[in-house]
Amino acid sequence: IGGIAVFPKIDPSLKNDRATEALNPQTLVLRAIRAIKQAAPGLPIFSDIALDPYTSHGHDGVLTADGTDVANDGTVAILREMAVLHAEAGADFVAPSDMMDGRIEAIREALDDAGFQQTGIMAYSAKFASAYYGPFRDAVGSSKGAPLDKRTYQLSWGNRREALREALLDEDEGADILMVKPALPYLDILRELRARTDLPLAAYQVSGEYAQIMAAAQNGWLDLKNARDEALTAIFRSGADFIFTYFAETVAKEMKG
């Protein structure tokens, strides 16, 4: 296992429409990062930078005054502060998953100004408004999404050119790693992006991808190990340098023998 990604599930009483808990220096995820670094100092940590675990409305950013849209610039200002807090806690990479415009450049500037020039940025660059996120959103309590839809800021399933443009913009703004999410439904995007950038590429085999393989295997419809390995191999074959997957621990143990 080459690293871990940490995501918080906080008490609903700590959530509000301005996501103020995200900037609490003692919030759950920051305590977790410090504890992990103390226990396993050599294990790289990728720390999620987005507001949906902290907002009462479940969106990745704060809303405009009339509540009809996500306030891009106001959200980016919070993400800058949040990224610095995560770097101070020990995150090796901050991983903005919010899909706000201009956030990579803003976070890079904030990290550099705070003395964290060595903290990397893994950008969720081609993050689609996917139905495959359902199990994760239910787990962390960010499934509400009202009064607007996350499709207003995440990528359309069918827009290949926008996905590539967004990823290359993140590269220009200073991202160290680009990510495609989900993985298996978007192998064409991953492959085409591999041909256009020399940056490391990550792919996120999301909760719905994991759940469908597990459910089918539990019903006896396919062989779990073969289906799992076929899916992971397809993602690597398409150009991913590494994969975020819920199968990581099982696969690592099998590889170790």
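Being a predicted model, the structure only gives us computed values, none of them experimental.
Taking OG of S125 as the reference point, atom NZ of K127 lies at 11.5 Å (rounded to 0.5 Å). Between the CG atom in L169 and the CG atom in D101 there is a gap of 8.5 Å [rounded to 0.5 Å]. The distance from the CD atom of E21 to the CD1 atom of I10 is 5.0 Å, given to the nearest 0.5 Å.
P96 approaches I104 most closely through the heavy-atom pair CG-CD1, 3.8 Å. What you find for T119 and A87 is that their closest heavy atoms are OG1-CB, 3.8 Å. Nearest heavy-atom pair, L79 versus M100, reported as atom, atom and distance to 0.1 Å: CD1-CG, 4.4 Å. The two residues A91 and I33 make their nearest non-hydrogen contact at N-CG2, 3.7 Å.
Formation of a donor-acceptor pair under 3.5 Å by the T55 side chain with backbone atoms of G58 is found in this model. No side-chain donor-acceptor contact under 3.5 Å links R108 to the backbone of G174. Checking side-chain atoms of D176 against main-chain N and O of G120 turns up no donor-acceptor pair under 3.5 Å. A donor-acceptor pair is defined here as one N or O able to donate and one able to accept, closer than 3.5 Å; no such pair exists between the side chain of Y132 and the backbone of A211.
Within the structure, the side-chain hydrogen bond (donor to acceptor under 3.5 Å, both in side chains) test picks out the following pairs touching residues 229-239 (sequence neighbours left out): K225-D229.
A salt bridge does not link R103 with D60: every distance from a Lys NZ or Arg NE/NH1/NH2 to an Asp or Glu carboxylate oxygen is 4.0 Å or more. Remark: D52 does not engage K15 in a salt bridge, criterion side-chain N to carboxylate O under 4.0 Å.
S97 and D48 are linked by a side-chain donor-acceptor pair at a separation below 3.5 angstrom, with hydrogens and angles left out of the test.
Residues T250 and E254 meet the side-chain proximity criterion, which asks for heavy atoms closer than 4.5 Å.
Aromatic rings from F244 and F46 are positioned such that their centres are separated by under 6.0 Å.
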Show every donor-acceptor pair shorter than 3.5 Å between a side-chain atom in residues 177-190 and any protein atom, with sequence neighbours excluded, or say none if there are none.
none

